[in-house]
Asks: 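Input: one structure, supplied below.
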Amino acid sequence: MDKVKLTKKQAEIIESIKDGTDDIANFLTHWHTAQDKVMVATKENFTPSLLMKAWEHGYEIDLTPEEKVREFFDSFPNVIPTSFNHGVKAGVVKTLDLLGIKIEGINA
């Protein structure tokens, strides 16, 4: 089976519940205390079944489109300011502005 796709927030919550344990029984005892937090934070169906699949098969974070753009933007560092890096970043900012999209850390 493939890894379960989770939002970034769901993955953070799983890691906070996991709290360094590899013991599934201990992990599940914390599920009930975090379930409301998960449902409110993600506004998605995050069931014990999904949790078990993520535990058994692993998970990967399914980034939002905004997170994907931010990751791409950040892959061109300012540490070594080249005209190429500057051009790529300027192009991303201009495109977002033209589309009326604001992404924190890029153009917001």
Side-chain angles (χ1 to χ4, degrees):
M1 178 173 207
D2 293 333
K3 290 183 176 184
V4 176
K5 300 261 189 197
L6 300 177
T7 66
K8 195 173 188 177
K9 188 65 177 176
Q10 288 172 330
E12 288 171 1
I13 291 169
I14 281 184
E15 290 304 316
S16 74
I17 298 169
K18 199 171 168 182
D19 195 26
T21 184
D22 287 329
D23 176 23
I24 189 68
N26 185 39
F27 185 56
L28 289 174
T29 61
H30 296 294
W31 167 254
H32 72 279
T33 61
Q35 191 170 11
D36 290 337
K37 180 179 174 184
V38 169
M39 295 301 285
V40 169
T42 62
K43 295 183 177 64
E44 297 174 21
N45 188 15
F46 195 51
T47 63
S49 174
L50 180 63
L51 177 67
M52 291 302 298
K53 286 178 187 172
W55 183 276
E56 185 176 350
H57 303 288
Y59 64 87
E60 53 190 40
I61 297 173
D62 193 16
L63 299 175
T64 65
E66 291 82 4
E67 290 168 333
K68 289 177 185 176
V69 170
R70 178 62 194 262
E71 194 172 87
F72 174 76
F73 186 84
D74 288 343
S75 71
F76 294 91
N78 289 330
V79 176
I80 306 170
T82 65
S83 58
F84 179 78
N85 287 2
H86 179 71
V88 169
K89 287 188 161 197
V92 170
V93 171
K94 183 65 174 176
T95 300
L96 291 173
D97 289 343
L98 289 171
L99 294 172
I101 299 170
K102 298 291 182 191
I103 298 178
E104 188 68 35
I106 297 178
N107 66 341

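In what follows, every heavy atom counts, from backbone to side chain, and hydrogens, waters and symmetry copies are set aside. For clarity, every value in this text was computed on a predicted model and none was experimentally measured.
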Asks: Working to the nearest 0.5 angstrom, can you tell me the gap between D74 CG and I106 CD1?
Replies: 6.5 Å
Asks: Between N85 (side chain) and P77 (backbone), is there a donor-acceptor pair under 3.5 Å?
Replies: yes
Asks: Under 4.0 Å between a Lys/Arg side-chain N and an Asp/Glu carboxylate O for D97 and K102?
Replies: yes
Asks: Scan T64, V69, V92, V93 and name whichever one has a side-chain contact (heavy atoms from CB on, under 4.5 Å) with I103.
Replies: V69
Asks: If you round to the nearest 0.5 Å, how far is NZ of K94 from CG of L99?
Replies: 11.0 Å
Asks: If you measure from CG on L96 to CG on N107, what distance do you get to the nearest 0.5 Å?
Replies: 5.0 Å
Asks: Begin from the C-alpha positions of V88 and F72 and carry the test side chain to side chain contact (heavy atoms under 4.5 Å, CB included) through to its verdict.
Replies: CA-CA 10 Å; V88 169; F72 174 76; 3.8 Å; yes
Asks: Among E60, E67, E66, whose side-chain contact (heavy atoms from CB on, under 4.5 Å) with L63 holds?
Replies: E67
Asks: Measuring from L6:CG to I61:CD1, what's the distance to the nearest 0.5 Å?
Replies: 8.0 Å
Asks: Is the count of non-hydrogen atoms from other residues, nucleotides or ligands lying under 6.0 Å from K89 atom NZ greater than 12?
Replies: yes
Asks: Centre of Y59's six-membered ring, under 6.0 Å away, within 45 degrees of the axis: is that where NZ or CZ of K5 sits?
Replies: no
